[in-house]
Number of protein chains: 2
Amino acid sequence: MISSAPIACQACPVADRAVCAALSQDDRDSLVRMGRQRRYARGETIVAAGDATTVCATLTRGAAKISTIDQDGTERIVALIHPAGLLGQPLASSETLHVTALTDSEACLFPRGQFEALIEARAALAKRLLAEVSRELVESRNLIDLISKRHAKGRVAALILSFFRAAGHASYPGEIAFDLPLKRGEMAQLLGLSIETVSRTLTSLENEQAICREGSHGILIRSLDTLAAHAA
Amino acid sequence: MISSAPIACQACPVADRAVCAALSQDDRDSLVRMGRQRRYARGETIVAAGDATTVCATLTRGAAKISTIDQDGTERIVALIHPAGLLGQPLASSETLHVTALTDSEACLFPRGQFEALIEARAALAKRLLAEVSRELVESRNLIDLISKRHAKGRVAALILSFFRAAGHASYPGEIAFDLPLKRGEMAQLLGLSIETVSRTLTSLENEQAICREGSHGILIRSLDTLAAHAA
DNA sequence: CGGCTGATTGAATTGTGTCAATCCATGTGG
DNA sequence: CCACATGGATTGACACAATTCAATCAGCCG
């Protein structure tokens with residue numbers, strides 16, 4: 001068990017983008033008092049299926065996946081969360097959703113009941129939350145956009161582009177390196193492909209000079225255009 | 001152009017489930033005054049890409065799809081909306097999303113600015129909206145769950161089950177018929193398959209007694225178990 | 001070092017996309 | 001009322017892409 005600590009907003013890398021930004025100093029103080037900050041190692045569970053009704057959180061550092069587990073134990077990824085994103089929506093039942101850290105991560109956890117009470121009391125927070133959930137909805141639809149392509153190369157290219165954009169370097173020229181915090185199996189599952197196809201597709205993209213692989217998760221983009229062409 | 005009319009909440013089939021249900025009589029009256037009710041024929045555009053920033057709406061009858069169009073003109077469906085669902089999220093930029101009626105439908109349209117002002121003023125509306133958008137987010141993730149399967153039969157079976165559930169008959173025994181308001185091309189596009197594969201998969205499901213087709217859109221479920229097994 | 005997990009590669013099989021023909025329902029105009 | 005055109009759905013044949021099974025490889029930790 002990794003230790004949890006009081007929340008320190010001054011040091012928060014997403015203080016301006018997270019939903020808490022909507023609050024007055026006073027309200028934020030009371031939110032801080034009821035929340036906890038916690039670190040997670042890669043692979044660690046952040047919110048288990050049962051807890052989803054009792055807790056919600058903001059991811060401050062790292063990356064996370066939201067997934068379901070069906071009866072025969074197969075995991076199915078349904079969302080990827082980047083810093084400032086929400087883990088466990090308030091006001092929505094999601095008893096079957098697991099949240100897991102994809103890389104070493106950090107999050108601020110809030111008791112769901114108290115958090116919802118604060119929503120009730122502060123219209124600004126509700127509005128900000130609404131905006132955030134709407135944003136996640138748009139992202140989720142982008143994800144659907146990704147995977148409803150007919151060919152493996154298109155899906156993989158689109159996934160790479162999506163992480164590239166999430167990493168922040170919106171539209172740089174030249175070569176950019178970043179991390180793809182998913183294992184092959186996770187990519188495969190998300191894209192509806194087999195592990196081997198993902199692997200082969202990546203080597204194929206590398207052979208045609210679209211990307212370079214660095215280790216198993218590092219990606220260096222050599223030709224945005226080629227990727228975009230495949231993803232189209 | 002089909003005529004638009006003042007909103008009549010007494011006759012609204014989703015008055016209890018739609019977001020407007022959160023409002024007091026007075027507030028609802030003012031919402032009614034700024035909104036318009038309108039009918040749409042199958043295939044008709046409800047919200048065009050550009051309008052998405054100026055209007056939002058509640059679907060009261062029928063079914064709709066939300067889609068993007070990429071540069072080479074290919075449409076890509078990213079969500080399916082059922083009655084009481086939202087068309088065009090307030091507070092989220094979605095300039096590239098088209099909304100189209102899948103069947104003859106009806107919706108209440110609201111000017112986005114005025115609607116957002118009302119959100120600002122009425123916490124209950126914001127909370128209700130938040131709940132609705134969260135629900136759509138869950139549904140969107142279900143959709144991802146649908147299509148991130150590796151085999152065509154699983155995807156098609158899961159889509160049928162999803163519409164079956166949305167149609168309301170949660171868990172009936174025996175044979176149930178309902179309508180699948182998507183053309184083959186739309187199903188294909190959504191599931192990342194070709195039209196022909198969708199067609200062949202349906203005949204295959206029919207051959208193994210899982211479903212019966214009635215016309216091109218009617219589905220009669222003969223074996224929920226078989227479908228569920230494929231969708232697993 | 002040996003055992004582990006994850007990634008890659010190869011060869012054979014199966015599934016899916018593509019192209020093309022046909023079918024069916026619907027609607028239109030003569 | 002029929003002939004015809006139209007858009008969608010279905011079916012077949014073939015090529016190609018993806019899955020499967022199996023072997024190998026690379027990195028990591030005890």
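Residue numbers begin at 1 in each chain, while the letters A, B, ... track the order of the sequences.
Summarising the geometry, the separation between CG on Leu191(B) and P on dG17(C) is reported as 10 Å, rounded to the nearest angstrom. Taking atom CD of Glu214(B) as the reference point, atom P of dT10(D) lies 14 Å away to the nearest angstrom. The distance between atom CD of Glu206(A) and atom P of dA7(C), rounded to the nearest whole Å, is 15 Å. As rounded to whole Å, 15 Å separates atom P of dG17(C) from atom NZ of Lys149(A). What separates CG of Leu180(B) from P of dA9(D) is a distance of 11 Å, to the nearest Å.
Residues Met187(A) and Leu180(A) are in side-chain contact: their nearest non-hydrogen atoms beyond the backbone lie under 4.5 Å apart. With contacts defined as side-chain heavy-atom distances shorter than 4.5 Å, the pair Ile77(A)/Ser148(B) does not qualify. A 4.5 Å side-chain heavy-atom check between Leu143(B) and Leu190(B) finds at least one atom pair inside the cut-off. At a threshold of 4.5 Å between non-hydrogen side-chain atoms, the residues Ile211(B) and Phe164(B) do not count as touching.
Using a 4.0 Å heavy-atom distance criterion, Arg213(B) is classed as a sugar-phosphate-only contact.
Here the side chain of Arg155(B) pairs a donor or acceptor atom with the backbone of Lys149(B) at under 3.5 angstrom. At distances below 3.5 Å, at least one donor-acceptor pair connects side-chain atoms of Arg184(B) with backbone N or O atoms of Ser216(B).
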Contact letters for nucleotides 14-24 of chain D, in which S counts primed atoms plus P, OP1 and OP2 and B counts the base, heavy atoms under 4.0 Å: ---SSBBBB--
Does the pair Leu97(A) and Thr68(A) meet the rule for a side-chain contact (heavy atoms from CB on, under 4.5 Å), with working shown? CA-CA 5 Å; Leu97(A) 297 181; Thr68(A) 62; 3.5 Å; yes
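We find that Glu139(B) and Arg165(B) are not joined by a salt bridge, their nearest charged nitrogen and carboxylate oxygen being 4.0 Å or further apart.
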Below 3.5 Å is the cut-off: list the nitrogen or oxygen pairs between protein and nucleotides 4-6 of chain C, distance only.
unit_1, atom_1, unit_2, atom_2, d
dG6(C), OP1, Lys183(A), NZ, 3.1

